Each structure stands twice: as structure tokens, then as C-alpha cells.
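What's counted below: heavy atoms across the whole structure, side chains too, no hydrogens, waters or symmetry copies. Bear in mind that the values here come from a model prediction, so they are computed numbers and not experimental data.
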Amino acid sequence: MPLADLCYDSPPPNSMKIHDLVPPALLDIKRRLAADGKVFQTYEEAIRQCGEGYSTDLLARSVVEKTRHYRDNLNTLETLESDMNGSRIAIAIGLAAKNGELNVLDFGGGAGTHYFFAKQLFRDSVKLNWSVVETEAMAFSADMLADEDLHFHTSIESAAERFASTGGVGLVCTSAALPYIPNPLETIRRLCNIQARNVFLTRFDLVIDREETIMIHESKLSANGPSKVETGLPDQIIKYPVTFCRKSQVEEVLKENYDLRLTFNEDRHVRYVQTEWASMYGFFARLKEA
């Protein structure tokens, strides 16, 4: 589930262009709608049509290799260039950091691309302690990229427990991950239940009027990951369920324990969901007791 990766084109020698905090599989979603637009009654029904989906070991290995290349390239750059999506991650960290340090739980964070970007951006101004929650395949493969401040986990609770003795989670962030898991609304509740001081959801495909709708999207293996480097792995089509929640329901869940401080109207009309276009939104919320 490399669901929160960055994508960039070949940069000039001392700069990098960050396109989106979104899997490259979604960058051309307006041109590549999923095959037949069929709607499924449950996530389980849809996943039966998809095989392993985002849990495939081949996908994890590909994303890890691309992220390793991305990390190494970042370390050679003097200047980073970010569009609005990269800027939103920076804004969220800036709003959430306290006393120059921040414990981050990154849900669906792939092989740690957000961490490597943020670490290079903030450098010594913010000490980042980062835990990525991912599939078993991704967490296992990405462990080779872990360091003192970056750890990989397979559950929200184990990632949060890592910070129990150091002030708790300061920021939950998730980018383009929630639509691709079973029951996104329940997962948001679980993320909120760890009582992080701040929650940041971005690149979230939502509808306004429809009830929750489950469909299938597909991409090539080579389209996933933060760089265009060749991995030498065989390419293939990956299919995975996508759930379009109603925007008002997401806001209701957040407001149970959080004050909604910022909303972002991101990409418009990313997918036609039978009777209306889904668009991408972002939310920054702060714990009411904080």
C-alpha cells in the first residue's frame, strides 16, 4: 500500500520538483478511470476481483527501491521545490511542531517518502520522530530504510505506542491512503482515538451527495512509488478497491473529538462516481483538549 508517496520528474542539479502527495497511480486518474465503473456492495466483494491489490510483495519491493533512490537523491540537493501539496505537508508539520520536535504517525506512508522529504526540508529546525503504518509486505520490505527516527509498523496502535513515553503522537497524517482501505470512516475513528494533538488528512477522494460507494481502480506496478527509476522488476497491472465516502461524514467523525481548523479544496473532478464527480479534499484538525 504505497499510499502516500511523492512523485517528481528529473530535477535540475540543485532542485527538486514535488508534484503531489499522492500515489503516481492517481496523477492521471482523469484520463484513466477504472475499467467499467462497476459498484460493489462491500470492500470484500471488490477485493475478490483484485487479487492481492496493494498487499503484493512485488509492489512493496518496487516502492522501496524507488524510495531508496529518492532518499539518496534528496541528500544531494541544495534546494527543494514544492507545489501546493508538498506545501500542505510542510504547513501541517509547522502547525503541529512543539518546542522544535514532533512525533508523527504517517498512515499509509509507503516506504517513508514523506519523512525523507520533511527531514530534508526542516533539517535541524524540527526534530522529527516518524512512524509509518503500512501493510505487512510494505513494512517488512521498507525496514531496510528505517533509521533512528523512522520506524515501520503494521498497526495504528503499535505505531502510537512507540511515542507513549515521549509525549504521545503530535501529528497523525495520511495522504491519499484512506480511500484504499476497508472502512475509511472507522479507520479515521481509530486514528482519532489515539488522541494525537493534531490530525491532517489530505488527498482524500470524497463525494458530496452520494452514499458511500465502492469501486475498483487499477494502475501499473511501475506507476507506483516516488521516482521514475527503473527497478528491474517485472511490470504488471494492479487492481484495488477504492471507497468514496461522503465529505460531511468525514467532517462529523473528525468533529467528535477535534476542532476542524483548516479545510483544503484540492483536485476537482478526479473520478466520476455514477451520479456525481468525486473531488479531493484535505482537513487539518486539533484535539479539543489541546
Side-chain angles (χ1 to χ4, degrees), residues 1-5 19-34 37-43 46-47 53-54 83-89 91-92 106-109 114 133 156 171-192 196 198-219 240-286:
M1 186 173 61
L3 301 178
D5 290 328
H19 283 309
D20 288 301
L21 299 179
V22 58
L26 298 182
L27 292 175
D28 62 351
I29 195 168
K30 292 182 180 179
R31 298 188 300 274
R32 297 192 63 213
L33 304 181
K38 181 179 178 181
V39 170
F40 295 85
Q41 295 300 310
T42 65
Y43 182 94
I47 197 65
Y54 266 120
D83 67 3
M84 284 304 299
N85 295 303
S87 298
R88 290 185 192 107
I89 284 287
I91 290 170
D106 184 358
F107 180 81
H114 289 147
V133 179
I156 294 169
L171 175 67
V172 163
C173 70
T174 178
S175 176
L178 292 168
Y180 303 97
I181 59 173
N183 202 337
L185 293 177
E186 180 57 33
T187 298
I188 296 172
R189 285 193 176 91
R190 286 177 61 199
L191 289 169
C192 290
N198 304 277
V199 171
F200 177 55
L201 318 179
T202 187
R203 312 300 291 175
F204 199 169
D205 308 48
L206 300 171
V207 291
I208 301 298
D209 298 318
R210 286 186 60 83
E211 294 299 322
E212 181 177 282
T213 303
I214 301 170
M215 303 174 76
I216 287 177
H217 186 68
E218 63 180 47
S219 69
Y240 38 88
V242 52
T243 301
F244 299 95
C245 298
R246 184 185 287 184
K247 180 173 179 282
S248 60
Q249 291 180 308
V250 172
E251 293 171 337
E252 287 171 7
V253 172
L254 287 172
K255 289 178 179 178
E256 289 174 7
N257 294 297
Y258 285 80
D259 292 320
L260 194 55
R261 297 294 184 88
L262 285 171
T263 60
F264 302 94
N265 294 322
E266 300 176 342
D267 291 352
R268 310 299 293 173
H269 296 175
V270 296
R271 173 70 179 267
Y272 192 68
V273 185
Q274 289 204 320
T275 59
E276 70 169 283
W277 283 95
S279 296
M280 284 187 177
Y281 298 91
F283 309 89
F284 182 88
R286 181 157 289 163

Distance col, row Phe200:CZ vs Arg88:CZ, nearest 0.5 angstrom, shows 7.0 Å
Would you please test Ile91 and Phe284 for side chain to side chain contact (heavy atoms under 4.5 Å, CB included) and show each step? CA-CA 10 Å; Ile91 290 170; Phe284 182 88; over 6 Å; no
Working for side chain to side chain contact (heavy atoms under 4.5 Å, CB included), residues Ser175 and His114: CA-CA 9 Å; Ser175 176; His114 289 147; 3.6 Å; yes
Would you say the side-chain atoms of Thr213 pair up with the backbone N or O of Glu211, donor to acceptor, closer than 3.5 Å? yes
Could you tell me the separation between the CZ atom of Phe244 and the CD atom of Gln274, rounded to the nearest 0.5 Å? 10.5 Å
Nearest-0.5 Å distance that lies between atom OH in Tyr43 and atom CG in Asn183: 11.0 Å
Do you know which two heavy atoms are closest between Gly37 and Met215, and how far apart they sit? O-CE, 3.2 Å
Looking at Phe283, is its backbone amide N or carbonyl O close enough to the side chain of Thr263 to form a donor-acceptor pair, meaning the two atoms are under 3.5 Å apart? no
Measuring from Tyr281:OH to Arg268:CZ, what's the distance to the nearest 0.5 Å? 4.0 Å
Please answer whether the main-chain N or O of Ile208 pairs with a side-chain N or O of Glu276 as donor and acceptor at a distance below 3.5 Å. yes
Output the distance between atom CZ (Arg203) and atom OG1 (Thr174), rounded to the nearest 0.5 Å. 12.5 Å
Apply the test side chain to side chain contact (heavy atoms under 4.5 Å, CB included) to residues Val250 and Leu201: give CA-CA distance (whole Å), side-chain angles for both, the deciding distance (0.1 Å), then the verdict. CA-CA 10 Å; Val250 172; Leu201 318 179; 4.2 Å; yes
Does the Arg246 side chain pair with the main chain of Arg210, one donor and one acceptor, at a distance under 3.5 Å? yes
Closer than 3.5 angstrom, by distance alone: can the side chain of Gln249 be matched with the main-chain N or O of Leu185 as a donor-acceptor pair? no
Hey, mind stepping through Lys247 and Glu251 against salt bridge (charged side-chain N to carboxylate O under 4.0 Å, His left out) and telling me if it holds? CA-CA 6 Å; Lys247 180 173 179 282; Glu251 293 171 337; 2.7 Å; yes
From SG (Cys173) to CG (Asp106), nearest 0.5 Å: 4.0 Å
Side chain to side chain contact (heavy atoms under 4.5 Å, CB included) between Ile216 and Lys38, intermediate numbers included: CA-CA 7 Å; Ile216 287 177; Lys38 181 179 178 181; over 6 Å; no
